[in-house]
Amino acid sequence: MTQELKAKIIEVCDTKIAQKGDNVGLSFYAFFKNKNDNPKLLMEAATWWIETHQLDHFEKAVKIKNMIQ
């Protein structure tokens, strides 16, 4: 996984946790705008989330952040 994507995931997780608490869940779509302006990065996140780790559609932000770190 690229450093760019790791940094984005941690940033989004931190923001969501700060807004809604440690129990907040998210999907890999949370790391992207509603507009698919970077399909390569989206596929990288999807591959990591779905194929590599076989995660559910929604996972706790705290769990994802810990996995990335």
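The chain is numbered in sequence order, starting from 1. In what follows, every heavy atom counts, from backbone to side chain, and hydrogens, waters and symmetry copies are set aside.
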Quick one: does [X]'s side chain get under 4.5 Å of [Y]'s, heavy atoms only?
{"X": "K63", "Y": "N66", "result": "no"}
{"X": "Q19", "Y": "V24", "result": "no"}
{"X": "I68", "Y": "M1", "result": "yes"}

Are [X] and [Y] joined in one hydrophobic group, where the rule is that I, L, V, M, F, W and Y side chains link up if heavy atoms are under 4.5 Å apart?
{"X": "I64", "Y": "Y29", "value": "yes"}
{"X": "L42", "Y": "W48", "value": "yes"}
{"X": "L55", "Y": "F32", "value": "yes"}

Would M67 and I9 count as a side-chain contact (heavy atoms from CB on, under 4.5 Å) if you check the C-alpha gap in whole Å, the side-chain angles of each, and the deciding distance to 0.1 Å?
CA-CA 10 Å; M67 290 175 73; I9 290 171; over 6 Å; no
Apply side chain to side chain donor-acceptor pair (under 3.5 Å) to K20 and list each qualifying residue two or more places apart in sequence or on a separate chain.
none
Would you confirm whether [X], through its side chain, and [Y], through its main-chain N or O, come within 3.5 Å as a donor-acceptor pair?
{"X": "K65", "Y": "I10", "result": "no"}
{"X": "W49", "Y": "D56", "result": "yes"}
{"X": "E59", "Y": "L26", "result": "no"}

CZ/F28 to CD1/I50 distance, rounded to the nearest 0.5 angstrom?
4.0 Å
Heavy-atom closest pair (L41 atom, L5 atom, distance to 0.1 Å) is CD1-CB, 3.9 Å
Looking at every non-hydrogen atom in both residues, tell me the closest pair between A61 and C13 and how far apart they are.
O-SG, 3.5 Å
